[in-house]
Amino acid sequence: MALSSEEIQQKIAAKFPDSTSEFMQIHDILTLTVDAGSIVEIIRFLKEDPTLRFNFLTDICGVHFPDNSDDKKFSVVYHMHNWLDNVRIRVKVFLTDTPVIDSMTSLFMSANWMERETYDFYGIDFKGHPQLKRILNMDSMVSFPMRKEFPMEDGGRTDKDDRFFGRTTDNI
């Protein structure tokens with residue numbers, strides 16, 4: 001019998017009642033929010049539990065929410081896959097405006113490059129990472145390009161008029 005989202009949710013909620021919340025089904029993927037301090041323990045549980053068996057870390061990515069409250073400015077999202085039952089799960093963690101979270105490299109070697117990319121673009125510090133440095137951008141770069149701290153367009157551009165594209169320049 002295939003592993004159901006209800007069964008996964010019950011196991012996680014029973015094991016970590018104070019560290020998990022906001023369980024929901026989004027496009028056939030169970031999604032939950034986890035406290036940052038418990039992330040390694042919960043990911044380890046998802047990987048090593050004999051029923052859950054989420055043995056593949058598909059992706060780690062960052063998200064910047066500049067308009068959120070200070071304790072939810074950034075998010076790290078983990079996508080995992082149980083190949084045996086063909087089930088996926090999404091685990092979200094919210095971080096403060098000085099984003100720091102524990103590294104997953106001790107559980108998944110593939111987390112190495114994913115965490116480096118997330119650091120490179122969002123400036124999220126992964127504690128315990130063996131070599132957290134830029135992977136795609138130049139080492140001399142001082143900003144993190146995927147943060148929403150800069151206007152999308154250059155206000156001084158004269159080669160196009162945003163009004164022709166249905167946009168105004170009032171909010172730039």
Side-chain angles (χ1 to χ4, degrees), residues 1-133 135 144-149:
M1 185 170 95
L3 190 61
S4 71
S5 293
E6 294 80 22
E7 184 179 359
I8 298 166
Q9 179 176 343
Q10 288 171 357
K11 285 190 74 94
I12 296 169
K15 178 87 172 170
F16 305 99
D18 299 329
S19 302
T20 56
S21 62
E22 300 178 25
F23 287 90
M24 63 185 78
Q25 194 80 15
I26 302 175
H27 302 294
D28 297 331
I29 299 176
L30 179 64
T31 303
L32 67 141
T33 302
V34 171
D35 293 338
S38 304
I39 188 63
V40 173
E41 188 179 2
I42 292 171
I43 296 291
R44 177 178 282 117
F45 175 72
L46 290 170
K47 178 183 180 184
E48 296 176 356
D49 182 81
T51 306
L52 298 180
R53 304 178 295 194
F54 285 97
N55 53 359
F56 185 70
L57 180 64
T58 307
D59 190 26
I60 299 174
C61 59
V63 185
H64 183 207
F65 300 103
D67 298 330
N68 280 6
S69 63
D70 285 342
D71 61 335
K72 290 189 174 187
K73 289 281 186 191
F74 290 91
S75 178
V76 177
V77 182
Y78 301 86
H79 294 97
M80 299 178 73
H81 190 183
N82 169 335
W83 285 345
L84 301 169
D85 298 303
N86 196 23
V87 178
R88 298 177 187 270
I89 193 167
R90 179 183 300 117
V91 181
K92 299 188 296 185
V93 179
F94 287 97
L95 304 171
T96 65
D97 57 352
T98 53
V100 178
I101 192 164
D102 291 322
S103 175
M104 290 298 148
T105 54
S106 63
L107 295 174
F108 294 98
M109 291 177 66
S110 62
N112 188 327
W113 283 42
M114 294 179 216
E115 289 177 354
R116 284 181 62 189
E117 180 184 33
T118 303
Y119 164 75
D120 195 7
F121 285 102
Y122 291 94
I124 297 171
D125 183 14
F126 291 90
K127 285 190 311 187
H129 191 282
Q131 190 181 15
L132 192 62
K133 65 178 192 173
I135 192 169
F144 301 103
M146 293 300 286
R147 288 189 179 185
K148 299 173 185 172
E149 299 171 335

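Here T20 pairs with nothing under the side chain to side chain donor-acceptor pair (under 3.5 Å) rule; sequence neighbours left out. Qualifying side chain to side chain donor-acceptor pair (under 3.5 Å) partners for S75, counting only residues two or more places apart in sequence or in other chains: none. Scanning for side chain to side chain contact (heavy atoms under 4.5 Å, CB included) contacts around T51 gives L3, E7, K11, D49, with sequence neighbours left out. In this view, D35 satisfies the side chain to side chain donor-acceptor pair (under 3.5 Å) rule with no residue, not counting sequence neighbours. Taking the side chain to side chain contact (heavy atoms under 4.5 Å, CB included) definition, one finds that T58 meets it with F56, H79, H81, R88, sequence neighbours left out. Partners of D70 according to the side chain to side chain contact (heavy atoms under 4.5 Å, CB included) rule, which considers only residues two or more places apart in sequence or in another chain, are K73, D97.
With I124 as the fixed residue, the side-chain contact (heavy atoms from CB on, under 4.5 Å) test singles out one of T98, I60, L95, V100: L95. Of the residues listed (D102, N112, T105), the one engaging H129 in a side chain to side chain donor-acceptor pair (under 3.5 Å) is N112, and it is the only one. Screening I43, V76, V91 for a side-chain contact (heavy atoms from CB on, under 4.5 Å) involving V34 leaves a single residue, V91.
In this structure, the ring of F74 has its center no less than 6.0 angstrom from the ring center of Y122.
In this structure, the separation between CD on Q9 and CD on E6 is 7.5 Å, given to the nearest 0.5 Å. The line from OG of S5 to CE of M24 is 13.0 Å long, rounded to the nearest 0.5 Å. Between R53 atom CZ and M80 atom CE the span is 13.0 Å, to the nearest 0.5 Å. Separation of atoms CZ (F94) and OG (S69) is listed at 9.5 Å; rounding is to 0.5 Å. The CG atom of L52 sits 6.0 Å away from atom CG of L46, with the distance rounded to the nearest 0.5 Å. Atom CG of D125 sits about 10.5 Å away from atom CD1 of I101, to the nearest 0.5 Å.
The main-chain N or O of L132 is never found under 3.5 Å from a side-chain atom of Y119 such that the two would form a donor-acceptor pair.
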In sequence, state the C-alpha distance, the side-chain angles, and the governing distance for M104 and E115, and then conclude on side chain to side chain contact (heavy atoms under 4.5 Å, CB included).
CA-CA 8 Å; M104 290 298 148; E115 289 177 354; 3.6 Å; yes
Test F108 against M114 for side chain to side chain contact (heavy atoms under 4.5 Å, CB included), laying out the working first.
CA-CA 10 Å; F108 294 98; M114 294 179 216; over 6 Å; no
Begin from the C-alpha positions of T31 and F23 and carry the test side chain to side chain contact (heavy atoms under 4.5 Å, CB included) through to its verdict.
CA-CA 6 Å; T31 303; F23 287 90; over 6 Å; no
Apply side chain to side chain contact (heavy atoms under 4.5 Å, CB included) to the pair I89 and I12, showing each step before the final yes or no.
CA-CA 12 Å; I89 193 167; I12 296 169; 3.9 Å; yes
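Here the side chains of F144 and H64 are not in contact, with every heavy-atom distance at 4.5 Å or above.
Closest heavy-atom contact between T118 and G62: CG2-N, 3.7 Å. Smallest separation of non-hydrogen atoms from V40 and S103: CG2-O, 3.9 Å. The shortest non-hydrogen separation linking P99 to G123 is CG-O, 3.9 Å. When all heavy atoms are compared, the tightest approach of V87 to F54 is O-CE2, 3.4 Å.
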